[in-house]
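Index from 1, following the sequence.
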Amino acid sequence: MLPMEGSPAVFQAICSITPGYHQYKFLVDGEWKHDECQPCSTSEYGVVNTVLFTGEANYNPIIGPEMALGSGREMDNETFRRVVHVSDSTTSDMSPRISEADLQVSRHHISVFLSTHTTYKLLPKSGKVVALDIDLPVKQAFHILYEQGIPVAPLWDFSKGQFVGVLSALDFILILREYLGNHGSNLTEEELDTHTISAWKEGKAYLNRQIDGHGRAFSRRLIHAGPYDNLKEVALRILQKEVATIPIIHSSSEDGSFPQLLHLASLSGILKCICRYFRHCSGTLPILQLPICAIPVGTWVPKIGESNRRPLAMLRPSASLGSALNLLIQAQVSSIPIVDDNDSLLDIYCRRIYTHININEMTVHQALQLGQDSYSPNERLNQRFQMCLRSDTLHKVMERLANPGVRRLIIVEAGSRRVEGIVTLSDIFKFLLG
């Protein structure tokens with residue numbers, strides 16, 4: 001048994017088989033089990049996984065009654081069969097296809113579920129939510145975010161008695177570029193110690209030219225959700241506004257006074273609700289058993305001759321930290337795969353908050369080494385990045401993205417770890433919601 005690429009805790013055995021219809025099971029701790037996420041059937045050995053292996057390069061499988069029910073077997077999944085073929089001595093997965101009708105049925109079931117459940121479903125039984133005073137110095141605020149191990153916090157304005165915005169890791173990156181980079185404002189480190197969140201947000205509005213005719217910054221409404229908003233509305237709001245999280249705020253007053261911050265809604269939490277609900281009725285969602293390479297989801301490395309695909313942003317470890325920060329903003333992404341000269345994955349650089357950093361004297365590799373030491377206790381529980389294979393099913397990818405702290409999976413080639421693409425939470429929801 002060898003460790004599987006992308007999943008160090010998962011082991012695999014590679015077997016050579018002849019063309020034909022095969023069944024298999026797994027011996028786990030002395031007990032025979034099957035993989036519920038793969039095609040299966042019922043036989044004299046109980047529930048077994050199935051695979052149809054053919055040596056024909058252009059084989060088009062037709063599953064007839066004699067194959068589906070032969071030898072008294074009852075197939076559990078009529079929509080999808082995994083088919084493997086051999087061409088020029090190379091083994092690969094034929095990408096199954098799903099009908100437009102099945103796609104619409106799957107999307108309809110997900111839409112109905114999200115439309116009939118509210119954000120109350122996201123609230124934990126116990127927990128805490130951190131909010132920051134808008135008059136707090138930004139340097140102190142980022143230290144708080146780091147110490148608490150959180151990437152974002154709502155902002156409270158005591159003078160207005162309202163939540164007025166959020167402070168995130170993207171703000172941290174913009175501050176590094178504008179105030180500490182080569183084109184910054186001439187703020188000294190002492191002045192930066194007293195530069196408030198309020199002053200930064202106003203300066204950010206000027207940088208983005210969000211000002212009125214009198215030179216004053218526009219007052220932007222806080223993007224938030226209420227406890228009675230349905231999950232579909234919240235998911236679409238997050239996608240449309242291109243934010244990672246939105247606060248769930250409740251006020252018992254009609255004028256919205258005395259607001260209570262309940263939780264932070266994210267696509268990860270909503271996806272976890274979807275996975276939990278459909279875990280035992282996945283047959284109603286035919287798309288779940290499709291490999292991610294067979295559906296239009298994620299950003300992939302363009303193949304030779306493909307000029308219409310959006311390129312996947314990647315960097316070498318020797319690149320400057322400043323170039324990484326610029327690429328995060330220009331490409332409008334939250335992470336960048338760090339690869340070697342063969343484009344094999346070495347690490348990933350994400351939007352994150354450090355306690356001490358100098359973008360003018362640091363490479364991406366040095367920043368990542370610093371990052372290993374600067375993880376907060378909560379973040380140490382999560383791997384820094386996670387991978388998947390192009391053959392992994394949509395169901396498997398969704399389950400892994402639903403884990404706390406996981407916002408994207410790097411798609412790698414088995415064996416070489418060459419980067420093939422990246423799939424994010426936003427990609428999944430854009431596909432599921434059509």
Side-chain angles (χ1 to χ4, degrees), residues 4-8 10 149-152 168-170 172-173 235 238-239 241-246 264-272 274-275 291-293 295-302 309-315 317 324-325 327-339 343-353 364 367-368 371-372 375 378-414 417-433:
M4 185 175 178
E5 289 291 345
S7 303
V10 179
I150 54 177
V152 61
S168 69
L170 178 58
F172 177 72
I173 291 174
I238 291 175
L239 292 175
K241 300 300 182 180
E242 297 182 339
V243 294
T245 60
I246 58 176
L264 295 179
S266 67
L267 293 181
S268 176
I270 299 174
L271 186 61
K272 188 174 183 179
I274 295 175
C275 292
I292 56 172
C293 64
I295 56 180
V297 64
T299 303
W300 296 78
V301 174
R309 269 194 179 180
R310 175 187 175 187
L312 180 65
M314 295 188 288
L315 285 176
L325 298 177
L327 187 56
L328 283 173
I329 296 171
Q330 293 168 1
Q332 295 182 328
V333 295
S334 60
S335 63
I336 303 171
I338 308 302
V339 299
D343 289 342
S344 295
L345 186 64
L346 299 174
D347 213 318
I348 186 169
Y349 185 79
C350 307
R351 295 177 186 170
R352 58 172 289 104
I353 297 170
V364 171
L368 290 170
Q372 289 179 340
Y375 276 132
N378 290 338
E379 289 179 307
R380 291 192 190 104
L381 298 176
N382 298 318
Q383 295 180 2
R384 192 154 72 200
F385 64 91
Q386 295 198 28
M387 299 175 284
C388 68
L389 303 176
R390 63 187 295 117
S391 58
D392 285 342
T393 63
L394 177 61
H395 179 266
K396 182 176 181 179
V397 168
M398 288 170 58
E399 288 278 1
R400 294 180 67 181
L401 284 172
N403 291 326
V406 180
R407 293 186 58 190
R408 85 270 315 155
L409 298 178
I410 308 298
I411 307 167
V412 299
E413 181 184 62
R417 296 216 317 187
R418 185 178 290 110
V419 174
E420 295 186 323
I422 186 169
V423 58
T424 67
L425 281 164
S426 296
D427 294 330
I428 296 296
F429 273 88
K430 288 175 183 177
F431 174 70
L432 294 180
L433 298 178

Nearest atoms (heavy-atom pairs only) where V419 meets L312: CG1-CD2, 3.7 Å
Test applied, side chain to side chain contact (heavy atoms under 4.5 Å, CB included); reference residue, S168; option that passes from I150, V243, V152: V152
Intermediate values then yes/no, side-chain contact (heavy atoms from CB on, under 4.5 Å), V412 and L389: CA-CA 6 Å; V412 299; L389 303 176; 4.1 Å; yes
Approximate separation, where rounding is to 0.5 Å, of S391 OG and I411 CD1: 10.5 Å
Closest non-hydrogen atom pair, I336 against A324: CD1-O, 3.6 Å
L325 vs Y349 side-chain heavy atoms within contact, under 4.5 Å: yes
Any residue meeting side chain to side chain donor-acceptor pair (under 3.5 Å) with T424, in chain and number order, not counting sequence neighbours: D427
Reported CG-to-OG1 distance for the pair L264 and T245, which is rounded to 0.5 angstrom: 5.0 Å
Under the side-chain contact (heavy atoms from CB on, under 4.5 Å) test, residues paired with D343 that sit two or more places apart: M314, R316, V339, R418
Spacing of L315 atom CG and L327 atom CG [to the nearest 0.5 Å]: 5.0 Å
Atom pair CG/CD of L409 and Q386 - distance to nearest 0.5 Å: 6.5 Å
Residue pair V333 / L328, side-chain heavy-atom distance below 4.5 Å: yes
L432 versus M398, closest heavy-atom pair with distance: CD1-CE, 4.1 Å
Side-chain heavy-atom pair L394, I428 within 4.5 angstrom cut-off: yes
For A402, side-chain contact (heavy atoms from CB on, under 4.5 Å) partners two or more places apart: L271, K272, C275
Criterion side-chain contact (heavy atoms from CB on, under 4.5 Å) on I238 and F429, from CA distance to verdict: CA-CA 10 Å; I238 291 175; F429 273 88; over 6 Å; no
Nearest heavy atoms of F431 and P296, plus distance in Å: CE1-CD, 3.9 Å
Which atom of C388 lies closest to which atom of V423, heavy atoms considered: SG-CG1, 4.5 Å
R417 side chain to L345 backbone, donor-acceptor under 3.5 Å: yes
Atom pair NZ (K241) and CD1 (I246), whose distance is rounded to the nearest 0.5 Å: 10.5 Å
Check: R408 and I348 side chains under 4.5 Å, non-hydrogen atoms: yes
R400 side chain near V406 side chain, heavy-atom distance below 4.5 Å: no
